[in-house]
2 protein chains.
Amino acid sequence: MIARSPSLTEQVMTHLKDRIVRGDFPDGRIPAETELAADLGVSRTTVRDALSRLEHEGVVVRKQGAGTFVNAAGLQITSRLEEIWSYEDVLRDHGYTPSVEVLRLEREPAGPDVASVLGLAEGDEVLVVEKLFRENDEPVVLTVNMIPGTLAGSPKRRDARAPIYRFLADQSGRQLAYYLSDIVPVALQGERAATLGVAPGTPAISFEETGYDTEDRPVLRAASFFRDDLLRFRLIRRKAV
Amino acid sequence: MIARSPSLTEQVMTHLKDRIVRGDFPDGRIPAETELAADLGVSRTTVRDALSRLEHEGVVVRKQGAGTFVNAAGLQITSRLEEIWSYEDVLRDHGYTPSVEVLRLEREPAGPDVASVLGLAEGDEVLVVEKLFRENDEPVVLTVNMIPGTLAGSPKRRDARAPIYRFLADQSGRQLAYYLSDIVPVALQGERAATLGVAPGTPAISFEETGYDTEDRPVLRAASFFRDDLLRFRLIRRKAV
DNA sequence: CAGTGGTCTAGACCACTTT
DNA sequence: AAGTGGTCTAGACCACTGA
């Protein structure tokens with residue numbers, strides 16, 4: 001709850017972002033590192049740290065010998081794939097005001113695939129949490145999460161509306177540290193197509209992912225299905241260094 | 001002892017990668033930054049730079065106060081989405097030894113979408129380069145590239161087998177700087193399905209992307225289709241900082 | 001050529017985790 | 001308390017770009 005004062009680097013980042021948004025650099029050129037350092041009263045190292053992180057975020061581009069420039073393309077990226085964490089936030093980033101409904105919350109025996117990924121024996125119990133995210137009654141994202149039964153108590157539907165990483169932390173105390181995600185093309189069928197409000201056979205992207213806690217133990221298996229017409233993933237690809 | 005050319009930072013990176021692969025850190029724990037700096041005879045800043053980049057690549061994880069650790073999950077990532085540049089390399093990373101065939105190389109009038117993206121008038125000529133990447137006669141990736149007609153001479157089929165960024169550089173002198181890519185689910189139909197050797201209606205992922213040169217001018221529109229059973233994209237997602 | 005970002009050093013103190 | 005990574009400084013030289 002205590003707001004720790006942002007680091008100098010972070011303050012420089014916000015400062016630069018603000019100026020970019022404000023249109024302080026109409027030609028897209030950002031002042032030289034030494035100049036910024038002098039103006040802001042910090043060391044060039046700190047400025048460079050901030051610029052590195054902004055470059056990593058896709059906000060600016062640096063060209064040796066030439067200068068640092070605002071990256072117009074980066075402003076088009078609404079969701080950076082590697083930082084997706086809560087679908088509610090993703091939808092908000094897209095300008096939506098999402099609602100969440102818990103479609104399913106029950107225990108069932110794990111199938112062989114899920115058991116293997118989560119390090120369980122086949123037939124061990126998993127808790128299934130199925131959620132639908134809507135914008136104005138229009139379904140956009142459907143997620144199916146499976147958690148080892150031993151890592152959950154007897155949650156109420158209301159509890160399950162929280163982002164899954166928070167739900168998991170509340171139930172088990174385990175912190176979700178990272179996901180390993182496969183991007184998989186699917187054709188939506190049957191009930192799943194109906195839930196998302198599309199015709200059977202509609203092609204869609206599914207993220208199939210395994211979540212690990214801070215000690216690299218698998219704690220979550222999830223699949224997410226998207227309405228491609230309402231939610232599109234975009235990324236920048238640059239030549240590797 | 002250590003020489004120039006690859007930067008010190010890069011040498012430290014390769015050194016650490018080698019030791020990781022060699023199994024020098026059986027418990028997954030990497031020596032402290034100060035220790036590495038002393039051992040290698042470089043400053044801690046250089047070591048930190050190397051570790052930052054390895055962390056960014058997903059090779060290691062750093063935990064404040066605890067240490068730096070090998071990231072087992074990162075070793076499973078064969079293709080980092082944000083660094084895809086040549087599909088031949090992507091396939092090689094997957095352990096394949098790909099071959100390339102140029103299926104199509106001809107000029108045609110641009111449709112409205114392509115014209116708009118490339119900043120052309122509808123009907124202006126674009127050069128279409130369609131390539132198929134195979135592993136052992138098995139088709140894996142199909143790419144369709146469109147370049148403004150003014151940016152290409154009269155290339156031969158042989159020229160078009162090179163990676164598209166090199167082809168573009170050879171033809172026009174323009175350097176491809178980055179791509180803006182949409183990840184789109186499609187159902188493969190007709191000729192395209194046949195070319196990739198799958199049943200009509202098979203769901204697939206398509207990368208729809210626009211390539212820009214170093215001066216942010218659009219120079220390339222491309223779409224790529226994948227055999228999901230042969231080429232899978234995987235990524236790590238971590239909590240944003 | 002002057003000016004830019006890229007690399008590197010040596011050292012200081014802080015925030016956090018583990019013992 | 002000891003040890004780790006995180007932040008920050010001040011300064012040096014190099015590699016590259018552009019006029």
Side-chain angles (χ1 to χ4, degrees), chain A residues 1-16 25 27-56 59-71 175 177 213-215 238-241, chain B residues 1-16 25 27-56 59-71 173 175 177 213-216 238-241:
Chain A
M1 309 307 168
I2 308 292
R4 89 163 189 274
S5 81
S7 69
L8 270 186
T9 301
E10 278 160 357
Q11 293 179 52
V12 174
M13 288 174 69
T14 345
H15 171 84
L16 288 174
F25 312 119
D27 55 353
R29 188 189 189 85
I30 287 173
E33 297 176 349
T34 46
E35 194 182 328
L36 285 174
D39 287 356
L40 301 174
V42 300
S43 75
R44 188 182 156 211
T45 310
T46 302
V47 170
R48 276 188 64 73
D49 193 14
L51 286 174
S52 296
R53 287 161 66 172
L54 289 178
E55 182 176 35
H56 183 223
V59 177
V60 303
V61 183
R62 298 200 277 184
K63 296 178 188 170
Q64 175 165 177
T68 303
F69 305 86
V70 176
N71 177 16
Q175 290 290 333
D213 69 6
T214 45
E215 264 139 52
R238 264 175 216 295
K239 192 102 176 146
V241 186
Chain B
M1 180 61 211
I2 298 184
R4 245 57 182 192
S5 197
S7 70
L8 272 185
T9 302
E10 279 161 359
Q11 293 179 56
V12 174
M13 287 173 71
T14 19
H15 171 86
L16 288 173
F25 313 119
D27 53 354
R29 188 188 188 85
I30 285 173
E33 296 176 351
T34 46
E35 194 182 329
L36 285 174
D39 286 357
L40 301 175
V42 301
S43 76
R44 189 184 155 211
T45 309
T46 303
V47 169
R48 277 188 62 74
D49 193 14
L51 286 174
S52 298
R53 287 160 67 173
L54 289 178
E55 182 176 38
H56 183 220
V59 177
V60 303
V61 183
R62 298 201 274 186
K63 297 178 187 168
Q64 175 165 178
T68 303
F69 306 87
V70 175
N71 178 15
Q175 289 291 333
D213 69 6
T214 46
E215 265 139 51
D216 287 332
R238 264 174 218 293
K239 193 99 176 151
V241 184

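Each chain gets a letter, A, B and so on, in the order its sequence line appears, and its residues count up from 1.
Note: CZ (A/F69) to C1' (C/dG3) measures 12 Å, nearest angstrom. Atom CG in B/L36 sits about 13 Å away from atom P in C/dT9, given to the nearest Å. Atom C1' of nucleotide D/dC8 and atom CE of A/M13 are separated by 16 Å, given to the nearest angstrom. The distance between atom CG of B/D49 and atom P of C/dT9, rounded to the nearest whole Å, is 11 Å.
Closest of all the heavy-atom pairs between A/V42 and A/V47 is CG2-CG2, 3.7 Å. Closest heavy-atom contact between B/V12 and B/A50: CG1-CB, 3.6 Å. Minimum interatomic distance between B/F25 and B/L16 (heavy atoms only, all atoms of both residues): CE1-O, 4.4 Å.
Checked for salt-bridge contact, A/E55 and A/R48 miss the test: no charged N lies under 4.0 Å from a carboxylate O. A/R44 has no carboxylate O lying under 4.0 Å from a charged side-chain N of A/E35, or vice versa, which leaves the two without a salt bridge.
A donor atom on one side chain and an acceptor atom on the other are found under 3.5 Å apart for A/R62 and A/S52.
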For nucleotides 3-6 of chain D, print each protein N/O atom paired with a nucleotide N/O atom at under 3.5 Å, atom names and distance only.
| residue | atom | partner | partner atom | Å |
| --- | --- | --- | --- | --- |
| D/dG3 | N2 | B/G65 | O | 3.0 |
| D/dT4 | O2 | B/G65 | N | 3.4 |
| D/dG5 | OP1 | B/T68 | N | 3.4 |
| D/dG5 | OP1 | B/T68 | OG1 | 3.0 |
| D/dG5 | OP2 | B/E33 | N | 2.9 |
| D/dG5 | N2 | B/Q64 | OE1 | 3.4 |
| D/dG6 | OP2 | B/R48 | NH1 | 3.1 |
| D/dG6 | OP2 | B/R48 | NH2 | 3.4 |
| D/dG6 | OP2 | B/R62 | NH1 | 3.4 |
| D/dG6 | N7 | B/R44 | NH2 | 2.8 |
| D/dG6 | O6 | B/R44 | NH1 | 3.1 |

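Contact annotation: A/T46 does not reach the phosphate of D/dT7 (side-chain N/O to OP1 or OP2, under 4.0 Å).
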